[in-house]
Amino acid sequence: MIQTPTIFDRLVLKAAEQIPRGKITTFGEVAKALGDVRAARAVSISVLRDVKSRGGPWHRFVASDGSLGAMAGKKRELLLSEGIPIINSRIRDLERFLVKADEIDVPPILLKMRLAQKKLRERVVLEDRLEEVDLAAGVDVAYGLYRGLEVGYAACVVVDSKLDRVGFKTVRMETTFPYVPTYLAFREMPFIAASTKGIQFDLLLLDGHGIAHPERVGEACHAGLVFGKPSIGVAKSILVGKVVDSVIMHKGEKIGYLVRKEGQSPAFVSPGHLVSLETSRSIVEKFWGRYKQPKPLVLAHEIAKKLKRGDVPPTIDLLHEGG
DNA sequence: GCGACAG
DNA sequence: ATCTTGTCGC
Ligand SMILES: [Mg+2]
């Protein structure tokens, strides 16, 4: 009957155990203890999901401005009973009751993940090491809640140079890590690996950035390196930098291109691995269909959603039915 | 309240 | 990404 929280959820729970009655902490402080404030939202989502599905600890977590966040009514009641002063839906003298990041004993996993990214970055090759590109694979993942678990539905679709779909594979499995900005690869790599396993392709297209990432190692770089395959990232919005004349610039570096087809919203293209900046743009244009993304990604997105809806069964089902 | 951070 | 019907705007 015990559900299976992810590593991230377990660490948030471990942090929760360290907040005594009469004290509070913020989602951001816990995120900092885990290694990056960017995970603040992921912490709040984890806490909320945990109290709803397992009745876990939740009321001693508040927002950094002292506001209470979700389920404010009940939270207010519980905190007041523990001696925390609340005025106008905000904690008064937050500092006085706050348990800060350095007082929370949890492993800094996000710091380690960042180090792993920096290590991977050294191996990224931004030169064309690809021969003919006939088969382009695109992967996308849809997410949903199933019996208190967060489940991902991945689809890998292979398209040939005539833009005909020549194969696909789908996978259903539990999520292992939340979405945290700049760490997307750690959330989606298990799905990318499972859905491409045993599939033949020359190039991998992913729904996210390549080098257009603060550390220059977006999801497309990460996956390309792990598989030793050419890869390109095609995102629907910017993560870092700004667009100047259809070029994505960041810290004085050219990191990608804005590609747009008539009447469509733009796509942001950046190389992942074994492909140059210029070639990444031309290849993506070569596989462009009639939508706002290259065809393999459009199809992968559609199939992933159908899978989630239950319209089609997964090729591989890795979901452990609890009970 | 605004800015804003792939999916 | 997800929650979701009718409604607003180009
Ligand atoms: Mg996606």
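The figures here come from the full heavy-atom set of this structure, side chains too, leaving out hydrogens, waters and symmetry mates. Each chain gets a letter, A, B and so on, in the order the sequences are listed, and its residues count up from 1.
The neighbour count for A:K112 NZ, taken as heavy atoms of other residues, nucleotides or ligands under 6.0 Å away, is above 12. Applying the 6.0 Å contact sphere to NZ of A:K305 captures no more than 12 heavy atoms from other residues, nucleotides or ligands.
The strand DNA chain B forms no stems, meaning no runs of 3 or more Watson-Crick or G-U wobble pairs with distances below 3.5 Å. In DNA chain C, no stem is built from 3 or more consecutive Watson-Crick or G-U wobble pairs with both distances under 3.5 Å.
Sorted by first and then second residue, the pairs that involve residues 270-292 of chain A and meet salt bridge (Lys or Arg N to Asp or Glu O under 4.0 Å), not counting sequence neighbours, are A:K254-A:E278, A:E278-A:R281, A:R281-A:E285. Counting only residues at least two apart or on different chains, no ring-ring contact (aromatic ring centres under 6.0 Å, His included) pair has a member in residues 281-308 of chain A. Annotation: ring-ring contact (aromatic ring centres under 6.0 Å, His included) contacts involving residues 194-250 of chain A, sequence neighbours excluded, comprise A:F186-A:H222.
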Expected rows: protein N/O vs nucleotides 3-7 of chain B N/O, under 3.5 Å:
{"unit_1": "B:dA6", "atom_1": "OP2", "unit_2": "A:Y179", "atom_2": "OH", "d": "2.5"}
{"unit_1": "B:dA6", "atom_1": "N7", "unit_2": "A:T182", "atom_2": "N", "d": "3.2"}
{"unit_1": "B:dA6", "atom_1": "N6", "unit_2": "A:T182", "atom_2": "O", "d": "3.2"}
{"unit_1": "B:dA6", "atom_1": "N6", "unit_2": "A:L184", "atom_2": "N", "d": "3.3"}
{"unit_1": "B:dA6", "atom_1": "N1", "unit_2": "A:E219", "atom_2": "N", "d": "3.2"}
{"unit_1": "B:dA6", "atom_1": "N3", "unit_2": "A:H209", "atom_2": "N", "d": "3.0"}
{"unit_1": "B:dG7", "atom_1": "OP1", "unit_2": "A:K236", "atom_2": "N", "d": "2.7"}
{"unit_1": "B:dG7", "atom_1": "OP2", "unit_2": "A:S237", "atom_2": "OG", "d": "3.4"}
{"unit_1": "B:dG7", "atom_1": "O3'", "unit_2": "A:D207", "atom_2": "OD2", "d": "2.7"}

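No path of Ile, Leu, Val, Met, Phe, Trp and Tyr side chains, each step under 4.5 Å between heavy atoms, connects A:L115 with A:M113, placing them in separate hydrophobic clusters. Residues A:L110 and A:F61 share a single hydrophobic cluster, defined by chaining ILVMFWY side chains whose heavy atoms lie under 4.5 Å apart.
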Please output the side-chain donor-acceptor pairs of residues 126-140 of chain A that fall under 3.5 Å, not counting sequence neighbours, one pair per line with the distance.
{"unit_1": "A:E127", "atom_1": "OE1", "unit_2": "A:R129", "atom_2": "NH2", "d": "2.9"}
{"unit_1": "A:D128", "atom_1": "OD1", "unit_2": "A:S276", "atom_2": "N", "d": "2.8"}
{"unit_1": "A:D128", "atom_1": "OD1", "unit_2": "A:S276", "atom_2": "OG", "d": "3.1"}
{"unit_1": "A:D128", "atom_1": "OD1", "unit_2": "A:T279", "atom_2": "OG1", "d": "3.0"}
{"unit_1": "A:D128", "atom_1": "OD2", "unit_2": "A:S276", "atom_2": "OG", "d": "3.1"}
{"unit_1": "A:D128", "atom_1": "OD2", "unit_2": "A:T279", "atom_2": "OG1", "d": "2.6"}
{"unit_1": "A:D134", "atom_1": "OD1", "unit_2": "A:S161", "atom_2": "N", "d": "3.2"}
{"unit_1": "A:D134", "atom_1": "OD1", "unit_2": "A:S161", "atom_2": "OG", "d": "2.7"}

Quick one: side chains of residues 85-101 of chain A, donor-acceptor pairs under 3.5 Å with protein atoms, not counting sequence neighbours, listed by atom name and distance.
{"unit_1": "A:R90", "atom_1": "NH1", "unit_2": "A:D65", "atom_2": "O", "d": "2.9"}
{"unit_1": "A:D93", "atom_1": "OD2", "unit_2": "A:R96", "atom_2": "NH1", "d": "3.2"}

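Qualifying ring pair (Phe, Tyr, Trp, His ring centres under 6.0 Å) partners for A:Y179, counting only residues two or more places apart in sequence or in other chains: none. Residues meeting the ring pair (Phe, Tyr, Trp, His ring centres under 6.0 Å) test with A:F8, sequence neighbours left out: A:F177. For A:T170, the side chain to side chain donor-acceptor pair (under 3.5 Å) partners are A:T315, not counting sequence neighbours.
A 4.0 Å heavy-atom criterion places the boundary nucleotides of DNA chain C facing chain A at C:dA1 to C:dC3, written 5' to 3'.
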